[in-house]
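Here's the structure we're looking at; comments come further down.
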Amino acid sequence: MRFKIDLWLKLSLVNLFLVALLGALMRYKIGFDFPWLIQKHLLHSHSHFAFSGWISHTLMVLMIYYLKNKAKGVVSFPKYTKLIIANLVCSYGMLVFFILQGYGAWSITFSTLSVIVSYIFSYVFYRDLKKSPSESSKKWFQGALFFYVISSFGTFFLAYTIASGNFQYNLYLASIYFYLHFQYNGWFFFACTGLFLDFIKLNSRHSKLFNYAFWLFFISTIVTFLLSVLWLKIPQWLYIITVIFAVVQFLVWIAMFIMVQKKRELLRVKPLFLWRILKFTAFCVTLKFIFQLLSVIPSLNQFVFGIRTIVIAYLHLVLLTIITPFLLYYIYSQRLLPLDKWIKNGLILFYIAILLNELVLAIQGISAFGYVLIPKVNEALFGISFILFSSIGWIVYKTVLKKADPNI
């Protein structure tokens, strides 16, 4: 069974389209009447499928592609095709049954099976990764797998508290933030960093510096989870340690950014709009760490985490302006999928919609500080979400259903 990376990445685009479609349906239901769908069910389907069907699926495929290039002849790949299929079955199961029943027997079953698949993938990939050459990427992938596994502990603890009848709202929120933190800042970020470091071909001196950066990032990612739960009134000494590692993480990111600047000629891939997308992504990563630093202020942290629109804006900042643009940049800069002028225009429109979405969410979040109601904001967000799913739908059409024109 041959590993067909183009097939799996085309499915990634289809899955991203489905994520955007669910997002548009949610926005429509907020502003208009849609009696056949339950908003909470749509939200669960949207979030679970975004994590599993779009990002985790794409990261798995790209990491397997990395391993295929580094350990060809010493690693057997048919098992990875089976794992990808298993993850997709679980993802589509969650997509459908969360819409139909919310947290019900079938949706929980597919969700649990998805976690089991992630464990198997992490074990198999970690074992095979040992057979590849020693590179900076290798360590970051190992860290990504670690966080991929432990992020699931949050969902299991949540299920335990509900099943035991000992439900507490603070523990409920802490469990959700545990899962989100180690998915966003662990599994997603570390895997993307591993792909990026392989892309820029570090020399031995830079490779050594990035190995130091890895350990500082690894430890600080564990500690800075506490920034998500400062409202639990953690001890003063633990708060001080958290602040220190938040500062360390920011400084390490700046150092990594400066080192990567020396490789910018390699990153100026054609067409140049991909290079601009990467710069935009790096800017958003810097914003993310600045916001994380600001969250060490206890009063601000408690206020921000109490406003749903701000939390949503931050989650979309990571998902829509960092992870998704980087994955698309990597796929098209590596020519893993065809790129022509029509797909390019679709990608540009998609990124414009992302920027507009973050801008409106930011305005909505800031207005919440002064308890100011922004008129027609839900209609604006629906319009933007319509552009998002339409543009990615166009890209899917040109990529999957028609052969792209290579003349760009």
Side-chain angles (χ1 to χ4, degrees), residues 3-6 8-9 12 55-77 80 83-84 121-122 124-148 184-218 221 252-253 255-270 274-275 277-282 285 322-337 339:
F3 184 73
K4 300 178 180 179
I5 187 169
D6 58 335
W8 301 125
L9 290 179
S12 289
I55 299 179
S56 292
H57 166 75
T58 307
L59 288 176
M60 284 181 181
V61 171
L62 294 177
M63 287 166 66
I64 294 166
Y65 177 72
Y66 164 88
L67 192 62
K68 192 171 183 291
N69 291 332
K70 302 295 180 180
K72 192 173 182 179
V74 295
V75 172
S76 174
F77 288 93
Y80 286 112
L83 284 169
I84 287 175
F121 172 81
S122 298
V124 172
F125 192 87
Y126 182 85
R127 184 188 61 191
D128 287 341
L129 194 60
K130 292 181 178 180
K131 302 173 186 176
S132 66
S134 180
E135 296 178 343
S136 291
S137 296
K138 185 174 178 178
K139 198 176 293 292
W140 287 84
F141 286 140
Q142 290 171 336
L145 295 173
F146 172 81
F147 291 123
Y148 193 17
Y184 275 73
N185 300 309
W187 162 231
F188 296 166
F189 184 82
F190 276 67
C192 287
T193 304
L195 291 170
F196 182 73
L197 293 182
D198 176 62
F199 182 76
I200 62 176
K201 311 298 180 190
L202 295 174
N203 59 39
S204 57
R205 183 173 69 87
H206 286 151
S207 184
K208 188 175 181 180
L209 291 172
F210 269 94
N211 284 336
Y212 288 130
F214 165 79
W215 285 112
L216 289 171
F217 246 105
F218 185 84
T221 298
V252 172
W253 162 249
M256 289 170 61
F257 180 82
I258 292 171
M259 284 189 281
V260 168
Q261 287 296 305
K262 298 176 182 179
K263 294 280 187 176
R264 60 182 177 271
E265 291 305 319
L266 177 65
L267 299 172
R268 290 179 186 269
V269 295
K270 293 183 179 180
L274 289 175
W275 163 240
I277 286 171
L278 186 64
K279 291 198 294 184
F280 164 68
T281 304
V285 175
I322 297 174
I323 305 299
T324 293
F326 173 77
L327 290 177
L328 292 174
Y329 165 84
Y330 187 88
I331 289 168
Y332 286 108
S333 63
Q334 293 280 65
R335 299 289 177 172
L336 299 177
L337 287 178
L339 179 64

Open item on the list: Please give me the minimum heavy-atom distance between Tyr66 and Lys138, naming the atom from each residue.
Closed with: OH-N, 4.0 Å

Task: Ser12 side, atom OG; Met60 side, atom CE - distance, nearest 0.5 Å - done: 11.0 Å

Open item on the list: Measuring from atom CG of Leu328 to atom CG of Leu274, what distance do you get when rounded to the nearest 0.5 angstrom?
Closed with: 9.5 Å

Open item on the list: As an exercise, state the distance from OH of Tyr184 to CD1 of Ile322, rounded to the nearest 0.5 Å.
Closed with: 10.0 Å

TODO: In sequence, state the C-alpha distance, the side-chain angles, and the governing distance for Asp198 and Asn69, and then conclude on side chain to side chain contact (heavy atoms under 4.5 Å, CB included).
DONE: CA-CA 11 Å; Asp198 176 62; Asn69 291 332; over 6 Å; no

- [ ] Using side chain to side chain contact (heavy atoms under 4.5 Å, CB included) as the criterion, list what pairs up with Leu337, not counting sequence neighbours.
- [x] Asp6, Leu9, Lys10, Leu13, Ile331, Tyr332, Thr399

Task: Inter-residue atom distance Phe210.CZ - Met256.CE, 0.5 Å rounding - done: 4.5 Å

Task: Closest heavy-atom pair and its distance - Ala191, Ala144 - done: N-CB, 3.5 Å

Open item on the list: Ring centroids only, cut at 6.0 angstrom: are Phe190 and Phe146 within range, meaning strictly under it?
Closed with: no

Open item on the list: As an exercise, state the distance from CG of Leu62 to CG of Leu67, rounded to the nearest 0.5 Å.
Closed with: 12.5 Å

- [ ] Show the numbers, then the answer: is there a side chain to side chain contact (heavy atoms under 4.5 Å, CB included) between Met259 and Leu209?
- [x] CA-CA 9 Å; Met259 284 189 281; Leu209 291 172; 3.3 Å; yes

- [ ] Assert yes or no for the condition that the ring centre distance of Phe147 to Phe218 is strictly below 6.0 Å.
- [x] yes

Task: Whether Phe121 and Trp187 hold their rings parallel, tilted or perpendicular, with breakpoints at 30° and 60° - done: perpendicular

TODO: Could you walk me through whether Trp215 and Lys139 pass the side chain to side chain contact (heavy atoms under 4.5 Å, CB included) test, one step at a time?
DONE: CA-CA 9 Å; Trp215 285 112; Lys139 198 176 293 292; 3.9 Å; yes

Open item on the list: Ser122: which residues meet the side chain to side chain contact (heavy atoms under 4.5 Å, CB included) condition with it, sequence neighbours left out?
Closed with: Leu145, Tyr148, Val149

Task: Minimum heavy-atom distance between Leu195 and Tyr330, given as atom pair plus value - done: O-CE1, 3.5 Å

TODO: Kindly compute the distance separating CD (Gln142) from CZ (Phe125), expressed to the nearest 0.5 Å.
DONE: 9.5 Å

- [ ] Please step through side chain to side chain contact (heavy atoms under 4.5 Å, CB included) for the pair Ile200 and Val260, ending with a clear verdict.
- [x] CA-CA 8 Å; Ile200 62 176; Val260 168; 4.2 Å; yes

Open item on the list: Testing the basics here: between Pro325 and Thr281, what is the closest heavy-atom pair and its distance to 0.1 Å?
Closed with: CB-OG1, 3.4 Å

- [ ] Answer yes or no: is there a side-chain heavy-atom contact under 4.5 Å between Ile5 and Ile64?
- [x] no

TODO: Return the minimal non-hydrogen interatomic distance between Leu327 and Cys192, and the atom names on each side.
DONE: CD2-SG, 4.2 Å

Open item on the list: Under the ring pair (Phe, Tyr, Trp, His ring centres under 6.0 Å) test against Phe189, which residue among Phe196, Phe217, Phe326 passes?
Closed with: Phe217

- [ ] Grab the two heavy atoms, one from Ala282 and one from Phe257, that are nearest each other, plus how far apart they are.
- [x] CB-CE1, 3.8 Å

